[in-house]
Amino acid sequence: QVQLVESGGGLVQAGGSLRLSCAASGSLFSINVMGWYRQAPGKRRTLVASMTRSGSTNYADSVKGRFTISRDNAKNTVYLQMNSLNSEDTAVYYCYALKISDYWGQGTQVTVSS
């Protein structure tokens with residue numbers, strides 16, 4: 001089992017920045033991918049960014065150049081640095097980890113005011 005706890009969400013003005021954190025605990029062996037999804041009201045959950053165990057990254061087109069995913073292996077934590085936020089970034093952001101099964105955090109709300 002893997003437990004994921006997100007933090008760092010909140011209210012920010014358009015053009016501002018936030019950094020989300022995802023602390024992982026439990027059976028972390030053989031996690032292949034970690035990353036972030038988001039879900040806006042009335043919309044499906046979509047991928048924002050991911051990072052493989054080898055460090056390869058993948059971003060949604062809508063966040064390329066603005067968001068950066070990173071990790072601190074010593075802290076078992078994955079981060080999502082979000083810059084130049086706009087109203088379309090408003091959503092609940094979920095951390096996930098993929099082994100044989102996928103694991104999800106409880107989500108953290110990000111609200112961007114215009």
Side-chain angles (χ1 to χ4, degrees):
Q1 294 292 326
V2 176
Q3 293 78 43
L4 303 172
V5 179
E6 302 103 332
S7 61
L11 175 63
V12 63
Q13 289 188 334
S17 298
L18 281 175
R19 189 178 79 157
L20 304 183
S21 300
C22 173
S25 62
S27 178
L28 304 182
F29 182 73
S30 294
I31 290 178
N32 295 311
V33 182
M34 289 192 71
W36 297 89
Y37 275 69
R38 67 185 180 187
Q39 187 168 19
K43 296 187 178 181
R44 63 183 180 91
R45 193 175 296 188
T46 58
L47 176 70
V48 177
S50 64
M51 178 180 281
T52 67
R53 186 163 49 181
S54 63
S56 296
T57 58
N58 182 43
Y59 295 93
D61 287 342
S62 60
V63 306
K64 284 180 180 177
R66 300 188 299 123
F67 291 12
T68 303
I69 188 170
S70 62
R71 69 187 178 201
D72 184 332
N73 290 330
K75 296 182 179 179
N76 294 323
T77 300
V78 173
Y79 303 97
L80 185 67
Q81 178 66 43
M82 305 186 294
N83 299 328
S84 301
L85 287 161
N86 59 61
S87 59
E88 294 185 352
D89 297 316
T90 294
V92 178
Y93 285 70
Y94 296 92
C95 178
Y96 83 100
L98 178 64
K99 295 175 63 172
I100 295 176
S101 302
D102 53 354
Y103 299 87
W104 295 88
Q106 81 286 354
T108 186
Q109 177 70 48
V110 172
T111 302
V112 184
S113 63
S114 56

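- Other residues, nucleotides and ligands contribute at most 12 non-hydrogen atoms within 6.0 Å of the CD atom of Glu88.
- Here the closest heavy-atom approach between residue Ala97 and residue Val2 is recorded as CB-CG1, 4.4 Å.
- Atom OH of Tyr96 sits about 11.0 Å away from atom SG of Cys22, to the nearest 0.5 Å.
- The shortest non-hydrogen separation linking Tyr94 to Gly105 is CD2-O, 3.7 Å.
- For the pair Arg19 and Tyr79, the cation-pi criterion (under 6.0 Å, within 45° of the ring axis) is fulfilled.
- Between Asn86 and Arg66 the shortest heavy-atom distance is ND2-NH1, 3.6 Å.
- Hydrophobic cluster membership differs between Leu98 and Leu80, with clusters built from Ile, Leu, Val, Met, Phe, Trp and Tyr side chains linked at under 4.5 angstrom.
- Rounding to the nearest 0.5 Å gives a distance of 10.0 Å between CZ of Arg38 and CG of Leu47.
- Summarising the geometry of Trp36 relative to Ser21, their closest heavy-atom pair is CH2-O, 3.5 Å, with the distance given to 0.1 Å.
- Between Phe67 and Tyr93, the two ring planes are tilted [angle within 30° to 60°].
- The shortest side-chain heavy-atom distance between Ser113 and Gln13 falls under the 4.5 Å cut-off.
- In this structure, OG in Ser25 is found 11.0 Å from CD in Gln1, a value given to the nearest 0.5 Å.
- Across every non-hydrogen atom of Met82 and Val110, the tightest pair is CE-CG2, 3.9 Å.
- Annotation for Ile69 and Met34: closest pair CD1-O, 3.9 Å, computed over non-hydrogen atoms.
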